[in-house]
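Sharing a structure here in structure tokens format.
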Amino acid sequence: MNYEIKMGDPASCVDVLLPAQTPLDISHHSPAIRRPLADQMRTAGTRGVMATGPHRRILISYPRGMSNPPGPTFESGLDAWRDWQDAPWGRLRYAQAEANLARHLSSGPSQILDLAGGDGADAVRLARLGHQVTIVDNTPGMLAAAHSRFAEAGLADCVRLIEADATDPRAYLGTDTYDVVLCHNLIQYLSDPAAMIIAARSAVRTGGLVSVMAINPASEPLFRATRDLDPAAALAALDTDEAMGRTFGIPVRHQPAERVAQWLTDNGCRVVGHYGIRSVNDYVRDNERKQDPEFFDALLRLELALSDRMPYPLIARFYHLVAEAEH
């Protein structure tokens, strides 16, 4: 019997106990997913990848003693994530998100819920502005890093950390509601992203804000063509919403901004801001130049200027939607 590795919750490739030597079929995925996923499994301890037939069906057999196929996790990618955050492109992402939110946040202290908030990189910026934040994440290492980040910033009293599944906020929040709910870089990892939007809306008060950020699918072909110099991969990316996450090595499924905006509208929210994050950076191949402080400052000013000027948000690496909960 062959078991399929399905797109969905990224930590659970297969949710059954598999006998030794069980072949796992990933042939239904696009080439963009199959190649890196197969490589990951080989690295994790598989006996090899067998490709047969006209469609190059890929079967992966796990060695004896391995009861379940290994899955990449956010815990194992924490060091790479920190490196990404510290790089110029990571700093651009957080600076732009903060600037976008600043246009909509009230002047007084707000109660902010950060779903899958990881190590608190978004939340600590908001705490510095005087807001109280609650971070929910299911990765202990991420929450430990968030604790350290807030302590080092002298903001330990401004944060509450909850280790839980971010997709079900009612399970740990009860009837609590927040002024702002962040759902940043989360929905692409979920099998039911629409349900995540419903859950985020349920946790925000009427008149409050829901902030959703995700990779812009339209950027994927451009990224592969300009940065990877791979026009064939760029062409293939036009016809799939699947990709392999570069930092954590976890399969993702991109959702276009228009679809997410409709989910927000369907759940009683009005989109009041549609921003692009990194409209230019990801198409500039000279990463060394970005390390220069003067160049970086000029690039940041440009990115901030382009963030809400159409059509530039339409090609940005990330889209950022801010919606008001009307009812």
Side-chain angles (χ1 to χ4, degrees), residues 74 78 81-82 85 90-91 93-187 196-214 264 267-273 275 277 318 320-327:
F74 294 100
L78 184 53
W81 180 234
R82 287 169 175 156
Q85 290 175 325
R91 301 196 327 262
R93 172 258 187 260
Y94 287 103
Q96 288 193 260
E98 180 183 1
N100 297 341
L101 285 169
R103 303 188 190 200
H104 304 278
L105 293 174
S106 63
S107 56
S110 295
Q111 294 290 328
I112 298 177
L113 174 64
D114 192 355
L115 296 172
D119 61 354
D122 273 319
V124 75
R125 288 174 173 266
L126 299 173
R128 288 195 183 103
L129 299 177
H131 304 294
Q132 291 288 321
V133 295
T134 296
I135 299 174
V136 178
D137 204 282
N138 65 357
T139 305
M142 287 286 188
L143 291 175
H147 175 79
S148 298
R149 186 189 293 273
F150 275 80
E152 291 168 4
L155 296 168
D157 293 338
C158 299
V159 65
R160 176 189 178 200
L161 303 174
I162 301 176
E163 183 180 342
D165 181 358
T167 64
D168 187 16
R170 285 285 141 248
Y172 45 84
L173 296 178
T175 59
D176 291 350
T177 56
Y178 288 77
D179 301 309
V180 182
V181 175
L182 309 183
C183 188
H184 291 179
N185 290 332
L186 171 59
I187 60 172
M196 185 68 253
I197 298 301
I198 295 172
R201 169 60 185 93
S202 73
V204 70
R205 64 169 179 81
T206 300
L209 300 173
V210 178
S211 173
V212 183
M213 182 191 303
L264 289 164
N267 286 281
C269 294
R270 177 173 61 92
V271 176
V272 294
Y275 305 100
I277 292 179
F318 298 91
H320 185 188
L321 302 178
V322 179
E324 180 180 348
E326 294 187 312
H327 54 80

(message) Can you tell me how far apart CG (L186) and CG (D114) are? Round to the nearest 0.5 Å.
(response) 9.5 Å
(message) Which residue in the set D119, D137, V136 passes side-chain contact (heavy atoms from CB on, under 4.5 Å) when paired with L143?
(response) D137
(request) Quick one: pull up CD in E163 and CE in M142 and give me the separation to the nearest 0.5 Å. (result) 13.0 Å
(request) Would you mind reporting whether L161 and F150 have side-chain heavy atoms less than 4.5 Å apart? (result) no
(request) Check for a donor-acceptor pair, side chain of R201 on one end and backbone N or O of M196 on the other, with a separation under 3.5 Å. (result) no
(message) Using every non-hydrogen atom in the two residues, find where R128 and A153 come nearest and quote the distance to one decimal.
(response) NH2-CB, 4.2 Å
(request) Determine the minimum heavy-atom distance between A121 and V124, stating which atoms define it. (result) O-CG1, 3.7 Å
(message) Minimum heavy-atom separation for P169 and S202, please, with both atom names.
(response) CG-OG, 4.5 Å
(message) Determine whether a donor-acceptor pair (N or O, by modelled atom type, separation under 3.5 Å) exists between the side chain of H184 and the backbone of M213.
(response) no
(request) Might you point out which heavy atoms bring L264 and A323 nearest each other, and give the distance in Å? (result) CD1-CB, 4.0 Å
(message) So which atom in A127 and which in C158 form the shortest heavy-atom distance, rounded to 0.1 Å?
(response) CB-CB, 4.0 Å
(message) How long is the straight-line distance from CD1 of I112 back to CG of L105, given to the nearest 0.5 Å?
(response) 5.5 Å
(message) Whether the side chain of D179 engages the backbone of Q111 through a donor-acceptor N/O pair (distance < 3.5 Å, no angle test) should be reported.
(response) yes
(request) Taking the side chain as every heavy atom from C-beta outward, state whether D122 and R93 have any pair of such atoms under 4.5 Å apart. (result) yes
(message) Would you compute the distance between atom CG of L115 and atom CG of N185 and round it to the nearest 0.5 angstrom?
(response) 13.0 Å
(message) Once rounded to the nearest 0.5 Å, what's the spacing between atom OH of Y178 and atom CD of Q132?
(response) 10.5 Å
(request) State, yes or no, whether a side-chain contact exists between R103 and Y275 at a heavy-atom distance under 4.5 Å. (result) yes
(request) Return the minimal non-hydrogen interatomic distance between G118 and I135, and the atom names on each side. (result) O-CG2, 4.0 Å
(request) Test L113 against every option in L173, T177, L182, V210 by the side-chain contact (heavy atoms from CB on, under 4.5 Å) rule and name the one that passes. (result) L173
(request) Starting at CG of N100, measure out to OG of S211 and round the result to the nearest 0.5 Å. (result) 8.0 Å
(message) Treating R82 as the side-chain partner and Q85 as the backbone partner, does any N or O pair qualify as donor plus acceptor under 3.5 Å?
(response) no
(message) Is it the case that the side chain of R270 and the backbone of E326 share a donor-acceptor pair, with hydrogens and angles ignored and the cut-off at 3.5 Å?
(response) no
(message) With heavy-atom distances below 4.5 Å as the criterion, would you say the side chains of R125 and L101 are in contact?
(response) no
